[in-house]
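Basis for what follows: all heavy atoms, side chains included, without hydrogens, waters or symmetry-related copies. Fair warning: this is a prediction, and the values are worked out from it, not measured in the lab.
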Amino acid sequence: MCNACLIENVRKSAFSRRDFFRRSAAAGVAAVAAGAVTARPALAQSSGKVVDLTWTLTPEFPTFDGNPGIMFEPDKDYAADGYKIWKVTFYEHSGTHIDAPAHFAEGADSVDELAPESLMCPLCVVDITAKAAEDPNAMVEAEDIEAWISANGDIPEGACVAMNSGWEEKMGSDAYRTDAEGNFAFPGFAKSATDMLLEMGAASIGVDTLSLDPGNSADFAVHYSWLPAGRYGIENLKGLGQLPATGATLFVGAPKHEAGTGGPARVLAVV
């Protein structure tokens, strides 16, 4: 997702924090490696059930700017050529997709540079469905992370922490993206939560909505702090309600195109 006007308004403050984020990114490398070690025993103890957390990407899939995120053009056809090929054009931040650090930080890691170890990690699911039912711009806040830890134990280093807001139930309607007045409205993370997760060594966050920040965000505070710190995000997840709060292992089929700021991904969880 991107909004040029808002990005310009907060660019200076983002640059002033860059040195801090570079130091945080170095710490994130160690956290990623630790997360990979943690994922292996969890996977060994799993039942083997696989949950697909990925939406099928179609031209109708909602996007942040409202334009189609993918376009198909026939290149070869069975009748004329004996086989089928589509020419596919897509925007990186469409469908279930990755936000790489380079999305909001010049010179940061692009999607092809993500550490492979970070793409297989413990998954922690934070349920805010009750809050989201009352407030379309509800957020995962620091107290939600504290409550999750009280109920489930520490968040493993290198983990992905995903928000389950129940927003996937709105897919197919305008309410997935906007409220009745046409304003962006969907849940996301609060900076208080992601700052805490940075200190804990989490490697990624995920949401079942269009953006890591809530729809009514005026400054993209999470994008401008989480991504430049060397972490990545996943947007437009589905199926999180089928997973336990802890115990699943996440597999992120991230794209690997040069200098990419993100891209559609196949995301699977094993429980």
Side-chain angles (χ1 to χ4, degrees), residues 20-21 23-51 53 98-99 101 114-132 138-166 187-208 212-213 221-222 225-235 237 239-252 267-271:
F20 167 75
F21 292 143
R23 292 193 296 272
S24 298
V29 172
V32 161
V37 172
T38 306
R40 293 189 190 107
L43 186 60
Q45 297 166 17
S46 73
S47 68
K49 177 184 177 183
V50 178
V51 179
L53 304 181
I98 299 286
D99 277 10
L114 292 176
E117 295 85 354
S118 73
L119 304 177
M120 184 185 78
C121 61
L123 176 64
C124 304
V125 180
V126 180
D127 190 324
I128 65 161
T129 53
K131 285 205 300 186
M139 295 184 289
V140 176
E141 300 182 77
E143 50 262 41
D144 296 305
I145 302 300
E146 292 168 346
W148 190 98
I149 292 171
S150 295
N152 302 286
D154 290 341
I155 291 173
E157 287 193 356
C160 176
V161 179
M163 173 192 78
N164 174 26
S165 69
F189 275 85
K191 188 173 181 291
S192 65
T194 52
D195 284 351
M196 180 180 291
L197 293 174
L198 280 175
E199 294 178 1
M200 294 176 178
S204 58
I205 56 174
V207 295
D208 56 352
L212 305 178
D213 290 280
V222 170
S225 55
W226 184 259
L227 299 178
R231 272 62 165 181
Y232 70 88
I234 314 172
E235 295 173 337
L237 290 166
L240 291 169
Q242 302 176 44
L243 299 173
T246 185
T249 300
L250 191 70
F251 291 82
V252 183
V267 183
L268 307 172
V270 178
V271 292

**Message:** What's the separation between atom CD1 in I98 and atom CG in L114, rounded to the nearest 0.5 Å?
**Reply:** 6.5 Å

**Prompt:** If you take all heavy atoms of L198 and A229, which pair is closest and at what distance?
**Reply:** CD2-CB, 3.8 Å

**Fill in**
Rounded to the nearest 0.5 Å, the CG atom of L212 sits from the OG1 atom of T194 at a distance of 9.0 Å

**Message:** Looking at N164 and D208, would you say the former's side chain and the latter's main chain have a donor-acceptor pair under 3.5 Å?
**Reply:** no

**Message:** Quick check: closest heavy atoms across W148 and I155, and the distance to 0.1 Å?
**Reply:** CZ3-CG1, 3.6 Å

**Asked** How long is the gap from CG on N152 to SG on C124, to the nearest 0.5 Å?
**Response** 8.0 Å

**Message:** Which heavy atom of V222 sits nearest to which heavy atom of A190, and what is that distance?
**Reply:** CG2-C, 3.8 Å

**Item:** Contact summary for P244 and V125, nearest pair of heavy atoms
**Value:** O-CG2, 3.7 Å

**Prompt:** Does E235 use its side chain to pair, donor to acceptor, with the backbone of V207 at less than 3.5 Å?
**Reply:** no

**Prompt:** What distance separates E143 CD from S192 OG, expressed to the nearest 0.5 Å?
**Reply:** 6.0 Å

**Asked** Minimum heavy-atom separation for R231 to P101, with atom names?
**Response** O-CG, 3.2 Å

**Item:** P156 backbone acceptor or donor facing D154 side chain under 3.5 Å
**Value:** no

**Asked** Can you name the closest pair of heavy atoms from Y232 and W226 and give their distance?
**Response** O-NE1, 2.9 Å

**Message:** Would the distance check show the side chain of T129 and the main-chain N or O of G166 forming a donor-acceptor pair, the cut-off being under 3.5 Å?
**Reply:** no

**Message:** As an exercise, state the distance from CG of L123 to CG of L237, rounded to the nearest 0.5 Å.
**Reply:** 8.5 Å

**Asked** Does E141 offer a backbone N or O that forms a donor-acceptor pair with the side chain of D144 under 3.5 Å?
**Response** yes

